[in-house]
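Read the structure below first, then the notes.
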Amino acid sequence: MLKDLIKKSTHEDENENYYNNCFYFEEGKKIGFIGAGNMATAIVKGLLKAEVPQECICVYDCNVKQLKHMAELGVNIIYDGAELAEKSDIIVLAVKPQNYDEVLEEIKSAANDKKVFVTIAAGISIEYVRKGLGVNCPMVRVMPNTPLLLGKGATALCRSENISDEDFKIVYDMFANSGEVVVLPEEQMNAVIAVNGSSPAYVYLFAKAMTDYAVSVGIEKDTALKLVAQTFIGSAEMLLSSGDDPDTLIQKVCSKGGTTIEAVNVLNEKNVSQTIIDAMAACTKRAEELGK
């Protein structure tokens with residue numbers, strides 16, 4: 001029984017590592033994807049890697065080229081959104097926010113209170129999808145990020161009040177199979193976009209500045225990029241594994257009178273930390289404005 005594998009979720013304890021490491025998939029379930037872009041492709045590849053049967057995965061997209069790529073993975077290709085929703089038990093809405101109204105109207109006739117719907121678009125709420133479908137369907141709202149494409153994702157998700165533990169476990173594992181997952185209450189799902197959804201861009205901006213400086217002093221770009229990227233990887237591992245908080249780690253690198261403290265002093269003079277906080281706040285504000 002699934003309840004022997006996981007305990008019932010609460011917001012206080014569901015981020016503990018109580019899910020087992022093996023992918024849970026209920027025999028006979030069918031997972032459908034509306035949209036066959038990069039994110040859907042990454043999730044489908046993760047499912048196949050976890051040995052979910054190809055015949056249990058269905059994909060629909062209005063872009064025939066995208067469907068051709070999915071067909072090469074061996075999954076079922078469907079040429080109608082309503083048909084996909086009809087044949088699937090779990091439907092992942094992997095389309096852009098501006099396309100949701102059209103998609104929800106297209107699949108509305110196939111929706112019921114047994115089928116699970118998953119939204120992975122920024123700002124699209126559980127209530128909005130339910131209203132568009134006209135049914136109190138079980139749901140999971142998800143905010144992944146692009147490193148999911150490499151199996152290194154950082155994903156936040158929240159569950160509706162009426163989804164079963166079994167179905168939630170399947171959706172959870174879709175993303176845990178390709179990186180780290182945390183579970184949040186829905187009221188934090190717009191704010192978390194600034195933390196994991198949009199934040200790869202901040203990292204790339206910092207990396208670009210570091211690389212540009214290296215090039216300006218004569219270091220080859222490829223060499224600099226390798227050093228910068230590996231520094232990010234190693235620093236992230238220190239944050240996760242050392243047991244030290246960020247302030248302590250900064251102090252450990254900054255010797256009094258040394259080179260690093262000079263750099264950090266300039267960053268502090270320029271108020272870089274507050275600028276980052278302000279940027280994240282602007283991201284959250286825009287998510288609220290776009291929220292549905």
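All values below come from the heavy atoms of this structure, side chains included, with hydrogens, waters and symmetry mates left out.
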Path from [X] to [Y] over hydrophobic side-chain contacts below 4.5 Å:
X: L67; Y: I31; answer: yes
X: V228; Y: I219; answer: no
X: V195; Y: V272; answer: yes
X: V135; Y: Y100; answer: yes

With sequence neighbours left out, write down each residue that passes side-chain hydrogen bond (donor to acceptor under 3.5 Å, both in side chains) with E237, or none if nothing qualifies. S241

List for me each residue that meets side-chain hydrogen bond (donor to acceptor under 3.5 Å, both in side chains) alongside N99, sequence neighbours excluded, and say none if there are none. none

Other residues, nucleotides and ligands only: do more than 12 of their heavy atoms fall within 6.0 Å of [atom1] on [X]?
X: Y202; atom1: OH; result: yes
X: E72; atom1: CD; result: yes
X: F232; atom1: CZ; result: yes
X: E102; atom1: CD; result: no
X: Q188; atom1: CD; result: yes
X: D245; atom1: CG; result: yes

Got a donor-acceptor contact below 3.5 angstrom from the [X] side chain to the [Y] backbone?
X: Q54; Y: L73; answer: yes
X: D247; Y: I250; answer: no
X: K115; Y: S88; answer: yes

Keeping to residues at least two apart or across chains, list the salt bridge (Lys or Arg N to Asp or Glu O under 4.0 Å) pairs with something in [range].
range: residues 127-141; answer: R130-E161, R141-E186
range: residues 39-67; answer: none
range: residues 83-100; answer: E83-K87

Any pair counted as side chain to side chain donor-acceptor pair (under 3.5 Å), so long as it reaches residues 250-268, sequence neighbours left out: D244-K252

Under 4.5 Å between any side-chain heavy atoms of L47 and N177, yes or no? no

